[in-house]
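Shown next, in structure tokens, is the structure this report addresses.
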Amino acid sequence: MSLKEEILKLKEEKNALIVAHLYQCDEIQEIADIVGDSYFLSKKAMESDKELIIFCGVKFMAESAKILSPNKKILIPSNKTTCPMADMALVDRLEEIIDKHPNAKVVSYINSNLDIKALSDVCVTSSSAIDILNNIDAEEIIFLPDRNLGSYLAEQLPNKNFILYQGFCPTHERIEKDEILNLKEKYPNYPVLVHPECNKEVRDLANFIGSTSELISFTTSSNADGFIVVTEEGVFYEMKLKSPNKIFIPTKTGMICPNMKKISLNDLYNCLKNEEYEIHIDEALRVKAHKALENMHLLSV
């Protein structure tokens, strides 16, 4: 029996649900029951009748699933999958900013750790942020951890005063405008698709800016034959699956999140077999973080 067959057999025996983020390795996305953005996966885990959830992603994502489903057993196949951007946001530094701006609302990107969510008034995803921020009754916004997404939102919402925490995603931050200009020259008919975690100079060259799933949707509905894709290359699996006859051009630098690629089929098998690396979170923090996620629903309408 192959390793993949062993995993599927174990999954059935244990009545488990396997979810995987769009940045995971192809083989993990292929075997998962559900593939998508981080918050989408947390919601699907909550809605599932399964009590055992295997979350193939980075730790803050599995934490979000646990925040929404405290009574379910949430496992992550590797305990080394932290998110560098999420880890840049420190509680003591955020508290200093809050002290300096007492009238501001704290808005945290879903890509943040539990302790930061617990200090936040509301969480946002890259696709829901503009609607939520429009509905917040405050002029001052403390946004963290990503300064690039924050500056993009500030451009869309000039009526708000943004105080940006200086965090960033190393995978998106490393791309520079000259590389995109070279690709545009080489593929003049291909739209440039950019994630808002990229810096402003790169975003300004985009034909379309959107979240991971919005970029995939764009490639599916567009009449273009090919695309220059400026985000983590794990999305290519889903893009090719939905549009097998289209061409997807990566950046020359290569946009690969090393932490997202740490989970292998072997890790997934061991996780299922031994039920290891369970997510445990402090209940008091969970309740506070849950409020920020709850406000995300209330304010996105």
Just do the side chain to side chain donor-acceptor pair (under 3.5 Å) check on Ser108 and Ser120 with the steps written out, would you? CA-CA 6 Å; Ser108 63; Ser120 304; 2.9 Å; yes
Within 6.0 angstrom of [X] [atom1], more than 12 heavy atoms from elsewhere:
{"X": "Lys14", "atom1": "NZ", "result": "yes"}
{"X": "Glu176", "atom1": "CD", "result": "no"}
{"X": "Asp92", "atom1": "CG", "result": "yes"}
{"X": "Lys177", "atom1": "NZ", "result": "no"}
{"X": "Glu139", "atom1": "CD", "result": "no"}

Looking at every non-hydrogen atom in both residues, tell me the closest pair between [X] and [Y] and how far apart they are.
{"X": "Val107", "Y": "Ile141", "result": "CG2-CG2, 3.7 Å"}
{"X": "Glu185", "Y": "Pro188", "result": "O-CD, 3.6 Å"}
{"X": "Leu22", "Y": "Thr212", "result": "CD1-CG2, 3.5 Å"}
{"X": "Asn259", "Y": "Cys83", "result": "ND2-N, 4.3 Å"}
{"X": "Asn135", "Y": "Leu299", "result": "ND2-O, 2.6 Å"}
{"X": "Cys169", "Y": "Asp146", "result": "N-OD1, 4.3 Å"}

Any donor and acceptor pair, going by atom type alone, linking the side chain of [X] with main-chain N or O of [Y] inside 3.5 Å?
{"X": "Arg203", "Y": "Asn148", "result": "yes"}
{"X": "Ser78", "Y": "Lys80", "result": "yes"}
{"X": "Glu278", "Y": "Lys73", "result": "no"}
{"X": "Asn199", "Y": "Glu201", "result": "yes"}
{"X": "Asp131", "Y": "Ser300", "result": "no"}
{"X": "Ser243", "Y": "Lys246", "result": "no"}
{"X": "Glu96", "Y": "Arg93", "result": "no"}
{"X": "Lys261", "Y": "Tyr23", "result": "yes"}
{"X": "Tyr237", "Y": "Ile28", "result": "no"}
{"X": "Asn113", "Y": "Ile116", "result": "no"}

Would you call the rings of Tyr190 and Tyr187 parallel, tilted or perpendicular, taking 30° and 60° as the class edges? parallel
Parallel under 30°, tilted from 30 to 60°, perpendicular over 60°: which one fits the rings of Phe248 and Phe227?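 Parallel: the ring planes of Phe248 and Phe227 meet at under 30°.
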[X]/[Y] ion pair, N-O < 4.0 Å:
{"X": "Lys4", "Y": "Glu27", "value": "no"}
{"X": "Glu95", "Y": "Lys100", "value": "no"}
{"X": "Lys9", "Y": "Glu5", "value": "no"}
{"X": "Glu283", "Y": "Arg286", "value": "yes"}
{"X": "Glu238", "Y": "Lys242", "value": "yes"}

Apply side chain to side chain contact (heavy atoms under 4.5 Å, CB included) to the pair Leu153 and Phe162, showing each step before the final yes or no. CA-CA 9 Å; Leu153 296 172; Phe162 281 76; 4.1 Å; yes
From CA spacing to verdict: salt bridge (Lys or Arg N to Asp or Glu O under 4.0 Å), Lys160, Glu140: CA-CA 6 Å; Lys160 304 281 187 186; Glu140 273 195 316; over 6 Å; no
Point-to-point distance, once rounded to the nearest 0.5 Å, from [atom1] of [X] to [atom2] of [Y]:
{"X": "Phe55", "Y": "Ile34", "atom1": "CZ", "atom2": "CD1", "value": "10.0 Å"}
{"X": "Glu155", "Y": "Leu157", "atom1": "CD", "atom2": "CG", "value": "10.5 Å"}
{"X": "Asn274", "Y": "Leu10", "atom1": "CG", "atom2": "CG", "value": "9.5 Å"}

Can you find a heavy atom in the side chain of [X] that is under 4.5 Å from one in the side chain of [Y]?
{"X": "Met260", "Y": "Thr81", "answer": "no"}
{"X": "Val194", "Y": "Leu205", "answer": "no"}
{"X": "Cys56", "Y": "Val19", "answer": "no"}
{"X": "Phe236", "Y": "Pro250", "answer": "yes"}
{"X": "Leu75", "Y": "Ile53", "answer": "no"}
{"X": "Leu68", "Y": "Tyr39", "answer": "yes"}
{"X": "Phe168", "Y": "Glu197", "answer": "no"}
{"X": "Val230", "Y": "His195", "answer": "no"}

Shared hydrophobic cluster, [X] / [Y] (ILVMFWY, side-chain heavy atoms < 4.5 Å):
{"X": "Leu272", "Y": "Ile279", "result": "no"}
{"X": "Ile132", "Y": "Ile163", "result": "no"}
{"X": "Leu41", "Y": "Tyr109", "result": "yes"}
{"X": "Leu144", "Y": "Val124", "result": "no"}
{"X": "Ile54", "Y": "Ile76", "result": "no"}

Show, in sequence, the C-alpha distance, side-chain angles and deciding distance for Leu149 and Phe143, and conclude whether the side chain to side chain contact (heavy atoms under 4.5 Å, CB included) test is met. CA-CA 9 Å; Leu149 175 59; Phe143 187 85; 3.7 Å; yes
Would you check, one step at a time, whether the test salt bridge (Lys or Arg N to Asp or Glu O under 4.0 Å) holds for Asp33 with Lys11? CA-CA 10 Å; Asp33 297 301; Lys11 184 189 77 171; 2.6 Å; yes
Start with the C-alpha distance between Met239 and Leu215, add both sets of side-chain angles, then the distance that settles side chain to side chain contact (heavy atoms under 4.5 Å, CB included), and finish with yes or no. CA-CA 9 Å; Met239 286 176 173; Leu215 296 182; 4.1 Å; yes
Can you confirm whether the side chains of [X] and [Y] place a donor and an acceptor under 3.5 Å from each other?
{"X": "Thr125", "Y": "Ser128", "value": "yes"}
{"X": "Asn189", "Y": "Asp225", "value": "no"}
{"X": "Asp37", "Y": "Ser213", "value": "yes"}

Using side chain to side chain contact (heavy atoms under 4.5 Å, CB included), reason through Ile7 and Ile18 one step at a time and then give a plain yes or no. CA-CA 10 Å; Ile7 290 168; Ile18 300 172; 4.0 Å; yes
Validation row, ring centre Phe218 to ring centre Phe208 under 6.0 Å: yes
After noting the C-alpha distance and the side-chain angles of Glu63 and Lys59, does the key distance pass the salt bridge (Lys or Arg N to Asp or Glu O under 4.0 Å) rule? CA-CA 6 Å; Glu63 280 183 351; Lys59 276 187 178 176; over 6 Å; no
